[in-house]
Amino acid sequence: MLTVSSIQRFCLRDGPGIRTVVFLQGCPLRCWWCHNPEMRPREHPAASHWETARLVDELERDLRYWRWSRGGVTFSGGEPLAQAGGLAEVLVALGSRGHHRAVETSGAAEPEAVRLLAPLVDLWLWDVKAVDPDAFREATGGDSSLPLGNLGWLLGRTDARVVVRLALVRGFNDGGEAGRIARWLASQPRRVPVEVLEGHDLAGGKSRDARPGRSARPERGAVEAALAALREAGLEAR
Amino acid sequence: MRRLVRSIRDALLGTADTVCLERARLVTEAWREHEGEPAALRRAHAFAHVLAHMTLDLSSNPVFAGNTSSRPRAWMLVPEHGFGVDPQIALENPGLEGHLEGRLPAEIVEYWRERSVGGHAGIGHLAVDMGRAVHEGLESIVAEAEAFPDEPDPEKRDYRRAMVVALRAVIDWAHRYAEAAEAAARRESDPLRRSAHLRVARACRQVPARPARDLFEGLQAMVLVHLATAIEGHGLSISLGLPDSVLAPFVGEPVDRESMTDLVAAFILKVAANSFQGRGSKTQAITVGGADHTGRDRSNALTFAFLEAFDLVRVGDPHLFLRWHPDLDASVKRAAAGMLSSGASTPLLVNDPPTAAGLVACGVRPEDAWDYCVIGCNELGVPGRLHETAAARFGTIEYLGLLNEALFSHPDPDSINGTDEVLALLELEMLARARQGRRAGIERIRQEAACVPTPFTSALMKGCVARGRDMLVGMEYHVPGLYERGLTNAANALAAIEKLAFEERAVGLSRLVEASRRNFEGAGELRARIALAPKWGTDDDRADRWALRLVETRERVLNRVDGEFGHRAHAVCHVVRSLHHLDGRRLAASCDGRLAGAPLADSIGPQTGTARAGPTAALNSVLKLDASRYYRGGYNLNLTLTRANAPVEVVLALIEAFFADGGQELQLAVLDAEALRQARVHPERFGDLVVRFAGFSARFIDMSPAEQQELIERAEAAAR
């Protein structure tokens, strides 16, 4: 059983090909720039509950487009790892039917969640926010050791395909923090590609934690600087 | 050559519409002279009189011979059908309404007042047997028509005589061009133009009388035959069939790719210069690609040349359709997807397997069915063999109007016990209309065959010479064709009725009917609830099932009418062009929440703004309708994507997925709302922006403000 905030079809930026993205309800972090604050609580009036078989049927409506585009399903959120048990069941079902499975996560979850899901995920889209524990806590309310530990384990102990996503947020990780992230990633047992994204203000203050007058859009030149730092550290970045 | 092509294009598109009286005058003279003769002969003599005396224009596009009027964009008039602007063209081109007023000599108007049969758009909706014209030549048909010396039936004898007169007239017309081109070459100082004239002169001594000897002569033969069909009086939707297949024997010629593209571009511009109804779209279809009945891909270097040339000239009409099939050359698929991804809105795509299967289900032999082409906005036919499937002579099934009528005429809608009963009432309305339409169609065809026969065109239709009959009544295949529209809105209306009146029981059906009758005045809240009801095109079975029920109902009705009239089968084509606006103007508000006068959906897909589950869901909904069963005459489906959502790979995947599972037609538009808004303000910068409206293509800057707005809304909805 999964608690789903919404299902979005024909998504092109959350893994390869044409994808159906399942936004799972619930997230332990409280990022002030969050675009989907309604997905934070474990339950929400707009959320729905799905048995595995019914969810797979629903997702497979777009099967023909996954096949022709080498796409598949991406679980996002919210924080998918927060529903690791239910998610594992759905991933098994999708995998047994030959579908490509991606999970987009911040990694902020207990290590058991990642260990449970690792063999079931074809592609991790790992949203690395910060390495510095204080900066991480200040911006997200969470503990950075969990996501970093989880990613470190995944890179050290498995051959899971991982793409790191670095969303630059003004005054948080668009300056020196990007360099620290680059060095941290470069020091891991294996190196994975990094996609640099720009934080933006789409949520327009719908979050409780939104900071009035504060923009998430990174400083001019921050993307280029982050790309340079990542490449300098020997990482493939775009 | 490329520069010449561009200058031809810019001059054509930059020319204002005027009127050319030559055809009207010449036809009138001949009509007077041949009074009392059988209609076919009279028409053939009139046609010959026009071709013998009309001005030959070899200057506006010197690459090929052929013109319909004395100068570009001067309306060629067909008084046999009357003087007027086709209502769709008037709607699509503000300012053309009344274009002819004050420009026609009173005595000509007076002469035709009681003689015109009406129907501004003419007969059209056909593709002749270009293969025969190109590879056997018209002289071979003359010989065939003269091979019945002992014909006892005077009607057939006269009809074949008329065919011979008309065929010889076209041969003589080509010879006139040859002489004029030789003279023009002597006068011409520009070497490129002079060599063009000399090439035309040489070709017109050969074609279309005798078989073409090379690619140029093949294209020249097609141009002359095509424009002759227009001059004979066929009106809208005269199509060119399958030029890349017909001309395939010449493809091995050592012509470099750019020269071939330029040649095809000049050919397209010649077709674009057909001056019937001026700048109005004549929906002249060119179909390329496709497989034959053994599944073998027919695409070749010319298929590419047509794609490239359309990308180069960017005119709205003619229209390019690409026949898709599993084994279509991968590079052709990619080239087409690349054009669509770039925002060209061309080519329009038709899928072979369900289309051919649909025609076979109508009784067309497989080898003919796999030779199909588009013969209108999206109507289907077979060159020289099948055309009755198009043009809706047998009526239109317009579901939303039928639904409104069934509901509005009901004395007590609250006594209706369910949506099934609503559908049953609609079926009764439909049956009455379908019977009436079938009777009217038979009568209309009889009248047109009697009053406005077209012996030249008929001579290029298989079997008409042997039968000595006009194409309207002498073809091998008789498949009554009907149009269909309003499916989307009617399905949405039924889904809303089902949900609000019968599931939730929150609103009585009477209240829904009354609210639409009053155009939802004071019923904003009810209309908001309707907006939340399931919608066709969102892959929601609660709405999609009603679309399926509607087409099942229609098939039941038409099968019954087939039986009553002794017809073997019928073909329904979902055709819109811009009729969704004309229907909308006529119709009161409807239970789908549509306001009175507002346009209906622009295709068989979702109503703009309601595709809340995205493009894949829209395609899925349409796939629930078995095209080979329910749309044997085709449908048109508009799908709009934003630039960010339409990389080539995604465009290809959408097409392949939709077609692999039985989709019949797809018109993919990649639109950018901001660019469209800019184009409205700065038309001078967007002369190359060709877009597909509902069922026709045009340059965005030539469209009416209402059409431009509709496209901007489509682009905005795609971006949400």
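Chain A is the first sequence line, chain B the second, and so forth, proteins listed ahead of strands; every chain is numbered from 1.
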Smallest separation among heavy atoms of A/I18 and B/L654, with atom names: CD1-CD2, 4.0 Å
Step through the shown structure and confirm whether more than 12 heavy atoms of other residues, nucleotides or ligands are within 6.0 Å of CZ on A/R67. no
Which atoms of B/N620 come close to chain A, meaning under 4.5 Å heavy atom to heavy atom: side chain ones, backbone ones, both, or neither? both
Below 4.5 Å from any heavy atom of chain A, which atoms of B/E656 appear? Answer side chain, backbone, both or neither. both
Return yes when atom CD of A/E43 has more than 12 non-hydrogen atoms of other residues, nucleotides or ligands closer than 6.0 Å, and no otherwise. yes
Using only atom types and a distance under 3.5 Å, with no angle test, would you say the side chain of A/D62 pairs donor to acceptor with the backbone of B/A617? no
B/P615, B/P647, B/A613, B/A660: which one forms the most heavy-atom pairs within less than 4.5 Å of chain A? B/P615
Smallest heavy-atom separation, B/T616 atom then A/Y65 atom, equals O-OH, 3.3 Å
Just wondering, are more than 12 heavy atoms of other shown residues or ligands nearer than 6.0 Å to CZ in B/R629? no
Indicate the atoms forming the closest heavy-atom contact of A/R9 with B/T538, along with that distance. NH1-O, 4.4 Å
Take atom CD in B/E504; do more than 12 heavy atoms of anything else shown fall under 6.0 Å from it? yes
A/R231 atom CZ, neighbour heavy-atom count above 12 within 6.0 Å: yes
